[in-house]
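Questions regarding the structure given below will be posed in turn.
What's counted below: heavy atoms across the whole structure, side chains too, no hydrogens, waters or symmetry copies. Every chain is numbered from 1, with letters handed out A, B, ... down the list of sequences.
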Number of protein chains: 2
Amino acid sequence: MKKRGTACTANELGRSACPIANTLNLIGDKWTLLVIRDLLFLGKRLYGELMQSAEGYPSNILADRLKRLEDAGLLEKHPYQHNPVRYEYHLTAKGTDMFPILREMILWGNKHIEGTTTPPPGFLDHFAQQIVGGRKKTGRKKG
Amino acid sequence: MKKRGTACTANELGRSACPIANTLNLIGDKWTLLVIRDLLFLGKRLYGELMQSAEGYPSNILADRLKRLEDAGLLEKHPYQHNPVRYEYHLTAKGTDMFPILREMILWGNKHIEGTTTPPPGFLDHFAQQIVGGRKKTGRKKG
DNA sequence: CGTTATGACTTTCAAAAAGAAAGTGACTAG
DNA sequence: CTAGTCACTTTCTTTTTGAAAGTCATAACG
């Protein structure tokens, strides 16, 4: 619960230079991708909103993951009030780029785990458009 | 290191019915996806081959993850010798369907983490062809 | 002024998981 | 008979988790 690092270059945690291994250094745990999901799909911004997520984050874990994600450059926090200072969190481009990973996990879960909820029609395309289509030249996937 | 479950229906571990949350119940840790990577991309089959992976699995962790993946139906083990019985491991269709998740992690890692190795040209398409194009009727991506 | 409430964390601590290393069982080779 | 190998399993110490309580700044109430 204490050590953190930027993890922006390979091998920082003693692993190989494999992009999968290095990506897992950031999101290879039970909670981190759920925080990203809440920020990306569910429009949550504040600590309290995230705490009310259906997943029931332990508060210390949530605080820790937000810090790690900030250190890794996947999210930024900005003060929305002073005295006491409170922050709102939002994903950076590096964070929203996680979308394709989330999307494939949704598709895999829907296909292979009974009882998982399916996003409404067009939901994923909407985000793909917004995130991938909106910021970069698009390219891969779907013609 | 002891409890295991099939986790083939949602909510088994007290989480929401979200497909991301439920997929993370299976692969939301540091090692599991690396084992799948070794089986899927690197052609490893035997316990000893997996142990020689660049990631350096602790042997007890590797044994545990293989069991969990088998319980979840992502891999099967088959004996390749008797006395003593030894097994070889290979992914099921449910396991190889993880490919798109791995692919997106490779792309994300290559884009955002300096120093990660890039697969050779055509590598991912090759697998997409083999796995997605080969087993199901799906999109066939280019004839 | 004193008390209660709220939001956003932080600290504490018991329990669970990870990980290093040594052990086990069934052989095979020398 | 002794040493070596493969595929795990067990033991044990360290680290991480996670439930719950605590903290801090401020607002609202009486």
Side-chain angles (χ1 to χ4, degrees), chain A residues 1-5 7 12-16 21 24-35 38-39 44-71 75-90, chain B residues 1-5 7 12-16 21 24-35 38-39 44-71 75-90:
Chain A
M1 215 75 73
K2 72 280 302 227
K3 205 192 319 183
R4 291 182 277 125
E12 288 190 11
L13 285 151
R15 277 187 175 170
S16 75
L24 286 172
N25 285 342
L26 299 174
I27 58 165
D29 78 289
K30 275 196 288 189
W31 300 111
T32 304
L33 273 178
L34 293 175
V35 174
D38 283 353
L39 293 165
K44 302 189 186 239
R45 294 280 133 109
L46 311 183
Y47 188 90
E49 290 174 346
L50 290 162
M51 275 302 287
Q52 282 166 42
S53 168
E55 310 307 339
Y57 308 115
S59 58
N60 52 347
I61 298 288
L62 178 57
D64 180 71
R65 293 307 186 275
L66 289 170
K67 266 179 227 145
R68 286 193 205 184
L69 286 172
E70 197 194 352
D71 285 354
L75 70 76
E76 287 173 353
K77 63 178 183 182
H78 297 289
Y80 68 90
Q81 94 172 25
H82 298 279
N83 267 329
V85 63
R86 301 288 191 219
Y87 300 95
E88 66 172 12
Y89 301 90
H90 68 90
Chain B
M1 216 72 76
K2 72 274 303 223
K3 204 193 315 180
R4 289 182 278 126
E12 288 189 10
L13 286 152
R15 276 189 176 170
S16 75
L24 286 172
N25 285 341
L26 298 175
I27 59 165
D29 78 289
K30 276 195 288 189
W31 300 110
T32 304
L33 273 178
L34 293 174
V35 173
D38 283 353
L39 293 165
K44 302 187 185 242
R45 293 281 132 109
L46 311 182
Y47 188 89
E49 290 173 347
L50 290 161
M51 274 302 286
Q52 282 167 41
S53 169
E55 309 307 337
Y57 309 115
S59 58
N60 51 347
I61 299 288
L62 176 58
D64 179 72
R65 293 308 187 273
L66 289 170
K67 266 180 227 145
R68 287 193 204 183
L69 286 172
E70 196 193 353
D71 285 354
L75 70 76
E76 288 173 351
K77 63 178 184 182
H78 297 289
Y80 67 90
Q81 90 173 28
H82 298 278
N83 267 329
V85 63
R86 301 287 191 220
Y87 300 95
E88 64 171 15
Y89 301 90
H90 68 89

B:Y89, nearest nucleotide to its side chain (from D:dT9, D:dC8, D:dA7): D:dC8
Heavy-atom nearest pair, B:V85 first then B:P79, reads CG2-CB, 3.7 Å
Measure from OH on A:Y47 to P on C:dT10 and round the result to the nearest Å. 7 Å
B:K30 side chain near C:dG19 phosphate (N/O to OP1/OP2, under 4.0 Å): yes
Whole-Å gap separating P (C:dC9) and CD (A:E88): 12 Å
Separation of D:dC8 atom C1' from B:N60 atom CG, nearest Å, is 10 Å
Between atom CD in B:Q81 and atom C1' in D:dA7, what is the gap in whole Å? 10 Å
Among C:dA26, D:dA21, C:dA21, the one nearest A:S59 by side-chain distance: D:dA21
Kindly assign one of parallel, tilted or perpendicular to the pair B:H78 and B:H90, based on the angle between their ring planes and the thresholds 30° and 60°. parallel
Could you walk me through whether A:R68 and A:D64 pass salt bridge (Lys or Arg N to Asp or Glu O under 4.0 Å), step by step? CA-CA 6 Å; A:R68 286 193 205 184; A:D64 180 71; 2.9 Å; yes
In whole angstroms, how far is the C1' atom of D:dT16 from the CZ atom of A:R65? 9 Å
OP1, OP2 of C:dA8 versus side-chain N and O of A:K77: anything below 4.0 Å? no
Length of the line joining A:R86:CZ and D:dT23:C1', which is rounded to integer Å: 11 Å
Shortest side-chain distance from A:Y80, nucleotide among C:dA26, C:dC9, C:dA8: C:dA8
Could you state the atom-to-atom distance from CH2 of A:W31 to P of C:dA17 in whole Å? 13 Å
Between A:E70 and A:Y89, is any pair of side-chain heavy atoms under 4.5 Å apart? no
Whole-Å gap separating P (C:dA20) and CG (B:D64): 15 Å
